[in-house]
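What you see is a predicted model; the values in this text were computed from it and never measured.
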Amino acid sequence: MHSYTMDLGGRELTIEAGKIAKQANGAVMVRYGDTAIVVAATGTKTPHEGVDFFPLTVDFEEKMYAVGKIPGGFIKREGRPSEQAILTSRLIDRPIRPMFPDGYHNDVQIVATAVSVDPDNAPDMPAMIGASCALSISDIPFDGPIAGVRVGLIDDNFIINPTVEQSRISLLNLAIAGTKDAILMVEAGAKEVSEEIMFDAIYFGHGVIKQLVEFQEKIVAEIGKTKMEVPVYDPPAVLVAEIEEYGAQKLKDALMDANKLGREENVAKVKAEIAEVFLAKYPDNEKDVAYITQKLVKKIVRRAISVDKIRPDGRQLDEVRPISCEVGFLARPHGSSLFTRGQTQILNVLALAPLCEAQTLDGLGADDTKRYIHHYDFPPYSVGETKPLRSPGRREIGHGALAERALLPVIPSEDEFPYAIRLVSEVLESNGSSSMGSVCASTLSLMHAGVPIKAPVAGVAMGLVKDGEYFTILTDIHGLEDALGDMDFKVAGTSKGITAIQMDIKIDGINKEIFAQALAQAKRGREFIIGKMLDCISEPNKELSPYAPKITTITVDSEKISKVIGPGGKTVKKIVEESGAKIDIDDSGKIFIAAVTSESANKAIDMIQGIVADAEPGKIYTGMVTRIMNFGAFVKILPGKEGLVHISQLSTERVEKVEDVVSVGDEIVVKVTDIDSKGRINLSRKAVLSKGFEK
């Protein structure tokens, strides 16, 4: 076994190789604190037949034993990956994918298994480093190493890989990955930090990435295998020249169309024409003709943008597509909106519920529940296609998480707004950056619903086309610019600062000049979109929907919570049944009462207050006789509280027998005369009768 160690954020990072998973092309064990990840990289010896893309699969496996848990349910074994596991798989995939050579179509699978997890040393970045190292020491062609770190911000100081406690108070949760020369991937959630702070944080993290890459390079130099050869596909030069001469102008004319469907139809016609002409001449070169034609499309679009500064839809480089906003689009949901930007359209719908309906999390993380949820749906009709409807895939989960992260900093706290909040973005039409459209639509729905968000949040997707020394940064990219460009850089935030970032690039990295310009241009685009949204709704509605539950919070002595719950929950179930309200009880003494009508809420409140109330000396109560003794009657004046009316205190006249005055079940008015040191309550009916209160 080979073992290598370095310091990372004040903790030891150890990579072990040569002991485990020796039948994989490359495998390592990564240890970081008490966290341990097994990472194996395996590839096929031959290309995947019939594909024109790189078939890479990355799986992050959460094992519940890693945190000393047994999985829930009947089967008691891990099933479908959690959303966090899927997000971690995506986090690893994104910086690794662009590091494989063009034309490499062999199947490659990376499996990262979390076998031990220390909450203060999250497994995602060690898994990414492990994936890079496993690939780098294998014979799989990989242009790494790469590495990743998280960066936090506390008291104006950047922190590498913050602990759980540090993350709770950090203004920034930034994940960054790259090579020693350039940045490949950025993903961040932030509490309205400035562009300048975000820029500095990214390059602070990149400084540590350089050290991690050099650390891996030493490992590769010692134990790395020789990389396999990748055959280079090179179509005939004569055919390339002929197709370019015949079809370049035709394709350019077809591509310069603002309408997505019209453009796609025109391009398809030109491609079919090129195929017909050249397959008649070169019948054995069908694959070459298709490949050359598609490469020509990419070349035309990229040159038009990078050199000529012309976008296919005719917009200026920093121009946002036409925007329309509408709130209250649906009657019954608690909040709704329709956000349209160009040919991307999002219907967002919001539902409010009591806190007891918050999502329960079952994974390796520190949090058990989540009260604010954002879901994203991408039906096939949104891009004019047909395919079977399935459960959410990695793309849907990733886009939903990005929109959720963008809005989290402005969501009111539980104390300010004691509701569980679910937002759902239904993509009705898509032509670029539906995730950022979801951020905008979600803000509109929250404001329409009356959720007191701190500020409106908008998002915009930036693009990059780099051709040699030329480069162009694009605001609000559409689908074609995303597919044929070099960068998809999404930035969301308020007018005050950034709340979320996600960046993926397809080239070897971007420099500081490009990154700074993209951030500045994104800020201008974001502010423009926020202006359009505020024209639609300027502030959150003051009233909730009449169909939303009204939640009232009352606080009782925490020692009395057990009385409200009752044995086996019997008491609280009775309150729910009789009042029609939903009850959510916190151990601290907070009780949340959710009801559609005020009558239902008031009845629940009265019942709870009756249970937790204490008898007060001198106060008059209407009670029920529960027991009769020779010396007096016991009367229930509050739930769970009885007092004694001595026979001498039953009437203003002399009483021979208790039964002559009261019977079990009678309601009588009594006054608390005394509560002794043992908590026994003494009552008097006589004191009430003498004042005429009972009448």
**Student:** Begin with the C-alpha distance, continue with both residues' side-chain angles, and end with the deciding distance and a verdict on side-chain contact (heavy atoms from CB on, under 4.5 Å) for Leu251 and Ile274.
**Tutor:** CA-CA 10 Å; Leu251 283 170; Ile274 291 172; 4.1 Å; yes

**Student:** If only atom types and distance count, is the side chain of Arg302 paired as donor or acceptor with the main-chain N or O of Lys466 below 3.5 Å?
**Tutor:** yes

**Student:** Side chains of Ser445 and Ser337: is there a donor and an acceptor less than 3.5 Å apart?
**Tutor:** yes

**Student:** Within the structure provided, determine whether Leu389 and Pro380 are in side-chain contact (heavy-atom separation under 4.5 Å).
**Tutor:** yes

**Student:** From the options Arg524, Arg321, Arg311, select the one residue that forms a salt bridge (charged side-chain N to carboxylate O under 4.0 Å, His left out) with Asp476.
**Tutor:** Arg321

**Student:** Does Lys298 come within less than 4.0 Å of Asp486, counting only side-chain N to carboxylate O?
**Tutor:** no

**Student:** Taking atom CZ as the centre, does Arg97 end up with more than 12 heavy-atom neighbours from other residues, nucleotides or ligands that are less than 6.0 angstrom away?
**Tutor:** yes

**Student:** Testing Arg94, Arg90, Arg150 one by one against Glu187 for a salt bridge (charged side-chain N to carboxylate O under 4.0 Å, His left out), which residue passes?
**Tutor:** Arg94

**Student:** Assess whether a salt bridge exists between Lys299 and Glu244, defined as any Lys/Arg side-chain N lying under 4.0 Å from an Asp/Glu carboxylate O.
**Tutor:** yes

**Student:** Would you say that more than 12 heavy atoms from the other residues, nucleotides or ligands in this model lie under 6.0 Å from the CG of Asp102, or not?
**Tutor:** no

**Student:** Compare all side-chain heavy atoms of Leu446 with those of Ile411 and state whether any distance is below 4.5 angstrom.
**Tutor:** yes

**Student:** Answer yes or no: is there a donor N or O on one side and an acceptor on the other, between the side chain of Ser336 and the main chain of Phe329, under 3.5 Å?
**Tutor:** yes

**Student:** So how far is it from Thr57 OG1 to Asp107 CG, rounded to the nearest 0.5 Å?
**Tutor:** 7.0 Å

**Student:** May I ask you to decide if the ring planes of Phe100 and Phe54 are parallel, tilted or perpendicular, using 30° and 60° as cut-offs?
**Tutor:** tilted

**Student:** Would you compute the distance between atom NZ of Lys523 and atom OG1 of Thr475 and round it to the nearest 0.5 angstrom?
**Tutor:** 14.0 Å

**Student:** For the side chain of Arg371 and the backbone of Ile421, is there at least one donor-acceptor N/O pair under 3.5 Å apart?
**Tutor:** no

**Student:** Are any side-chain N or O atoms of Gln343 and backbone N or O atoms of Lys260, one a donor and one an acceptor, separated by less than 3.5 Å?
**Tutor:** yes

**Student:** Verify side-chain contact (heavy atoms from CB on, under 4.5 Å) between Leu255 and Leu480, making sure each step is shown before the conclusion.
**Tutor:** CA-CA 9 Å; Leu255 284 162; Leu480 183 67; 4.0 Å; yes

**Student:** When rounded to the nearest 0.5 angstrom, what is the spacing between CE in Met487 and CD1 in Ile505?
**Tutor:** 8.5 Å

**Student:** To the closest 0.5 Å, what do you measure between CG (Asp377) and CD (Glu426)?
**Tutor:** 4.5 Å

**Student:** Please evaluate residues Val491 and Met198 with respect to the criterion side-chain contact (heavy atoms from CB on, under 4.5 Å), reporting the C-alpha separation (whole Å), side-chain torsions for both, the decisive distance (0.1 Å), and the verdict.
**Tutor:** CA-CA 11 Å; Val491 186; Met198 185 65 74; over 6 Å; no

**Student:** Can you tell me how far CG of Asp318 sits from OG1 of Thr472, rounded to the nearest 0.5 angstrom?
**Tutor:** 12.0 Å

**Student:** Between the side chain of Asp504 and the main-chain N/O of Met185, is any donor-acceptor distance below 3.5 Å?
**Tutor:** no

**Student:** Determine yes or no for a side-chain-to-main-chain donor-acceptor pair under 3.5 angstrom, with Ser306 supplying the side chain and Val465 the backbone.
**Tutor:** no

**Student:** Given 3.5 Å as the limit, does a donor-acceptor pair link the side chain of Asn541 with the main chain of His448, or not?
**Tutor:** yes

**Student:** Within a strict 4.5 Å, meaning less than it, do heavy atoms of the Tyr233 and His105 side chains meet?
**Tutor:** no

**Student:** Compare all side-chain heavy atoms of Leu87 with those of Ile397 and state whether any distance is below 4.5 angstrom.
**Tutor:** yes

**Student:** Under 3.5 Å, is there a donor-acceptor pair between the side chain of Asn173 and the main chain of Gly189?
**Tutor:** no

**Student:** Which residue in the set His399, Arg395, Glu396 passes side-chain contact (heavy atoms from CB on, under 4.5 Å) when paired with Ser435?
**Tutor:** His399

**Student:** Tell me if the CD atom of Glu273 is crowded by more than 12 foreign heavy atoms within 6.0 Å.
**Tutor:** yes

**Student:** Do any N or O atoms from the side chain of Ser545 and from the backbone of His334 form a donor-acceptor pair under 3.5 angstrom?
**Tutor:** no

**Student:** Starting at CG of Asp124, measure out to CE of Met128 and round the result to the nearest 0.5 Å.
**Tutor:** 7.5 Å

**Student:** Please check if any side-chain donor atom of Gln345 sits under 3.5 Å from a side-chain acceptor atom of Thr340, or the reverse.
**Tutor:** yes

**Student:** If the test is side-chain contact (heavy atoms from CB on, under 4.5 Å), which one of Ile202, Ile514, Ile209 qualifies with Ile183?
**Tutor:** Ile202

**Student:** Are Arg263 and Asp313 within salt-bridge range, i.e. N to O under 4.0 Å?
**Tutor:** no

**Student:** Which atoms form the tightest heavy-atom contact between Gly459 and Ile529, and what is the distance?
**Tutor:** O-CD1, 3.6 Å

**Student:** Any chance the side chains of Asn348 and Ser442 put a donor and an acceptor closer than 3.5 Å?
**Tutor:** yes

**Student:** Of all the heavy-atom pairs spanning Ile176 and Met125, show the shortest one and how long it is.
**Tutor:** N-CE, 4.5 Å

**Student:** For Val451 and Pro540, work out which heavy atoms get closest and say how close.
**Tutor:** O-CB, 3.5 Å

**Student:** Is Lys287 positioned over the aromatic face of Tyr291, cation under 6.0 angstrom from the ring centre and no more than 45 degrees off axis?
**Tutor:** no

**Student:** How close do His48 and Pro55 get, heavy atom to heavy atom, and via which atoms?
**Tutor:** CB-CG, 4.1 Å

**Student:** Would you call the rings of Phe515 and Phe199 parallel, tilted or perpendicular, taking 30° and 60° as the class edges?
**Tutor:** tilted

**Student:** Show the numbers, then the answer: is there a side-chain contact (heavy atoms from CB on, under 4.5 Å) between Met503 and Met462?
**Tutor:** CA-CA 9 Å; Met503 183 189 80; Met462 310 299 295; over 6 Å; no

